[in-house]
There are 2 protein chains.
Amino acid sequence: MAATIKDVARMANLSIATVSKYINGGHVIDANRVAIEEAIRQLDYRVNTMARGLKTRRTKSIGVLIPSVRMIFCMDMISAIEDELSREDFSTLICDCQGRPEQEERKMAFLLEKQVDGVIMMPSSSSSVAARMALAAGIPLILVDRPLPDIAADSVLVDNMTLAKAATTELLRAGHQRIGVICGPEDIYTTKQRLSGYYEAYEADNTQVASDCISFSDYSLEGGYKSLEKLMSLTEPPTAVLATNYETTIGAIMAINRAGLRIPGDLSFVGFDGLDMSTLIKPELTMALQPVQQIGEQAAKLLLGRLTANNKSDSGKSSIYGSDADMIPKREIMLAGKLTQGSSIAKMKI
Amino acid sequence: MAATIKDVARMANLSIATVSKYINGGHVIDANRVAIEEAIRQLDYRVNTMARGLKTRRTKSIGVLIPSVRMIFCMDMISAIEDELSREDFSTLICDCQGRPEQEERKMAFLLEKQVDGVIMMPSSSSSVAARMALAAGIPLILVDRPLPDIAADSVLVDNMTLAKAATTELLRAGHQRIGVICGPEDIYTTKQRLSGYYEAYEADNTQVASDCISFSDYSLEGGYKSLEKLMSLTEPPTAVLATNYETTIGAIMAINRAGLRIPGDLSFVGFDGLDMSTLIKPELTMALQPVQQIGEQAAKLLLGRLTANNKSDSGKSSIYGSDADMIPKREIMLAGKLTQGSSIAKMKI
DNA sequence: ATAATAGCGCGAAACGTTTAGCTCTGTCAA
DNA sequence: TTGACAGAGCTAAACGTTTCGCGCTATTAT
């Protein structure tokens, strides 16, 4: 039904090889170029990706494996990845493992089955099984947001510690001593990092941490809401709160409002992620912003880099155990976040 | 590098054809089955999807084209679609056109280039160019959430009118006359339908619509926030408000809280989508719920149906202009929403 | 005028499957 | 005992590309 390169060649009175050459950016004389273009147009010819893939051993597709499709952070990141990759004509297979490691393995198997050329993965737990699978399949793997111990792969991270430290310091400077912090799940990398930042700020300020003000959640809107309620129901509630992702920020604000508390009058507040929100809500929130866009972009670029490296090595002689790409040392990109200046922090009277 | 079916055949001392037969569910005698399984395991063999696709003329992938990846509704739907399709070993290519029709066309071209077996599309506008492209390529197309005039394709819709009417009626029954409604963009199908429902409820109640209480937005959190502010700053503000999607619901609640209004004391409220939220927030919100999960599920099933129909017809003689699948009349699935019983509506004193 | 060279185009062999149609083996009914 | 038949496996031809290496033509240098 659909036209093949053979049809194009026939219509243009040329050989298949010549048409193929043209399609892949090769040079043909003008008259032929015109003939080919015309034939392609008339036949509505499209390259058969499978035939091509069979020859080139590439699917021109990459897999993205994330914990959940319901976190704004993930979606924004994916959006950036997709943008970058589609520019190079790569398609993106998105897999959501719902935070469960066994699903993560299943989905990774699925991606490998689909023969993606590479994988960008945001680990759901500290399990490295899925990551190992990709490595074993010999395709490039990029880790984002969270590294994995003992997995040698490129990674794109945010300097969460510094960011959380900056946010906490800001609150300490305003005179707050009991600062509530709404964290994610206790065993997750970003939670640990952000919490370290929180501790470090206290240490640098020579203040003692109010450890009852640390609340773990599941990074969800509901989690943020509940955490805030819990914090405010302490016998000695915090005078300031730091939420550590978008969903908990929204949830916390809802709870704050519901409780009739005013920001910053009754409670100082620093949120996380979601620039758009901070500019709109009154008073403008002081927020810790992750460079989400950049994370996705960098991850995609890193991956594309690996893929072309693979490409090149294929035409040369390649070692038995993997391509030259393996020779390129693993890179770890650490991106800096930043703190916006809102008016959601009030000075404590001393 | 990677093992092929040939390697498996060699190791199992069988022909390629036999191995292929086994892989595709055919029957082989027990001893051979064991040998094949062992060889596959040892070689870590995986079917080469491209070689297979080249023969079968299927990619086992489908495209999903949506207006924006940042709307919870879309993501939840995609999640359901993906779930359903991956069960059948289909992969899902997600394309976000950022609400722009020209992007929609570009992305559709991309999907066709990638030779997806079918497309599920939530139209971004009333333009049917992209839809036509899919149809012209001869692949099944399923429209979700919004139909397209003069496009004969299966569709999965929600009975928005009835749902919005029910929500409005609930408010009218409580004695409210000036009901603010936060709509989406004016020219979008769901906006029109939900607004019709709003009008119909008024009509059925023999009450005159307060047309200054109708506010259009872009369905975003910010939009909801602003719309609510606008409504409440009217000389005669509404006594109740209906938001018509998840994002505007969240935004509106934020604005309500910010303004120091109490629900339902100062303002009655009905939200839209996002079950999880309604159960948590106090007071529990009365909400209009779309069966998002079901939409995705139905769309996927409809598509799978078309694909297998195509399959079958291929082995028989098929007409020149498309397959027998074209003979199956286009189906329109209309799903019902439902209203939760919260306590965010207060009776007006008469 | 001739040799060297560069630029294009071509033939043909792969890539790893699926599948139609054949052969072979063994079983069972007559 | 033989013929029919079923079950299992095999051979070989496709599917639509890319790409290597060769041959042809025309241009330039000698």
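For the numbers below, each heavy atom of this structure counts, side chains included, while hydrogens, waters and symmetry mates do not. Proteins come first, then strands; the chains are lettered A, B, ... in the order of their sequence lines, and each starts at number 1. All values reported here derive from a predicted model rather than from experimental measurement.
The distance from atom CG of Asp7(A) to atom C1' of dC15(D) is 13 Å, rounded to the nearest whole Å. Taking atom NZ of Lys60(A) as the reference point, atom P of dT17(D) lies 16 Å away to the nearest angstrom. With rounding to whole Å, Arg52(A) atom CZ is found 21 Å from dT17(C) atom P. Rounded to whole Å, atom P of dG16(C) lies 9 Å from atom NZ of Lys55(A). Atom P of nucleotide dT17(C) and atom CG of Asn24(B) are separated by 11 Å, given to the nearest angstrom. Taking atom CD1 of residue Ile16(A) and atom P of nucleotide dA12(C), one finds them 11 Å apart after rounding to whole Å. Protein atom NE2 of His27(A) is 9 Å distant from nucleotide atom C1' of dG7(C), rounded to whole Å. Nucleotide dA8(D) holds its P atom 19 Å from the CG atom of Asn13(B), rounded to whole Å.
Looking at Arg132(B) and Glu105(B), no side-chain N of the basic residue comes within less than 4.0 Å of a carboxylate O on the acidic one, giving no salt bridge. A salt bridge between Arg70(B) and Asp76(A) is present, with a side-chain N of the basic residue lying under 4.0 Å from a carboxylate O of the acidic one. Using a 4.0 Å cut-off between a side-chain N of Lys or Arg and a carboxylate O of Asp or Glu, Glu37(A) and Arg41(A) do not qualify as a salt bridge. The existence of a salt bridge linking Glu102(B) and Arg106(B) is excluded, since no basic side-chain nitrogen approaches an acidic carboxylate oxygen closer than 4.0 Å.
Residue Leu14(A) is in sugar-phosphate contact alone, with no base atom involved, counting any heavy-atom pair closer than 4.0 Å across all strands shown. Using a 4.0 Å heavy-atom criterion, one finds that Arg46(A) contacts the sugar-phosphate atoms exclusively.
For Lys21(B) against dA8(D), a side-chain-to-base donor-acceptor contact under 3.5 Å is absent.
When the nearest nucleotides of DNA chain C are assigned to Ile29(A) and Val19(B) by heavy-atom distance, the more 5′-ward of the two goes with Ile29(A).
Close to dT18(D), at under 4.0 Å from its OP1 or OP2, lies a side-chain N or O of Ser20(A). In this structure, Tyr22(B) does not reach the dT17(C) phosphate: none of its side-chain N or O atoms is under 4.0 Å from OP1 or OP2. Distances shorter than 4.0 Å separate none of the side-chain N or O atoms of Asn48(B) from OP1 or OP2 on dC15(C). In terms of phosphate contacts, Arg57(B) brings no side-chain nitrogen or oxygen within less than 4.0 Å of OP1 or OP2 of dT18(C). Residue Ser15(A) places at least one side-chain N or O under 4.0 Å from the OP1 or OP2 atom of dC10(C).
Closest approach to the Thr4(B) side chain among dT18(D), dG16(C), dT18(C) is made by dG16(C) (side chain taken as heavy atoms from C-beta onward). Here the side chain of Ala17(B) is nearest to one of dC15(C), dA12(D), dG16(C), namely dA12(D).
Without hydrogens or angle criteria, Arg146(A) side chain to Pro123(A) main chain gives a donor-acceptor distance under 3.5 Å.
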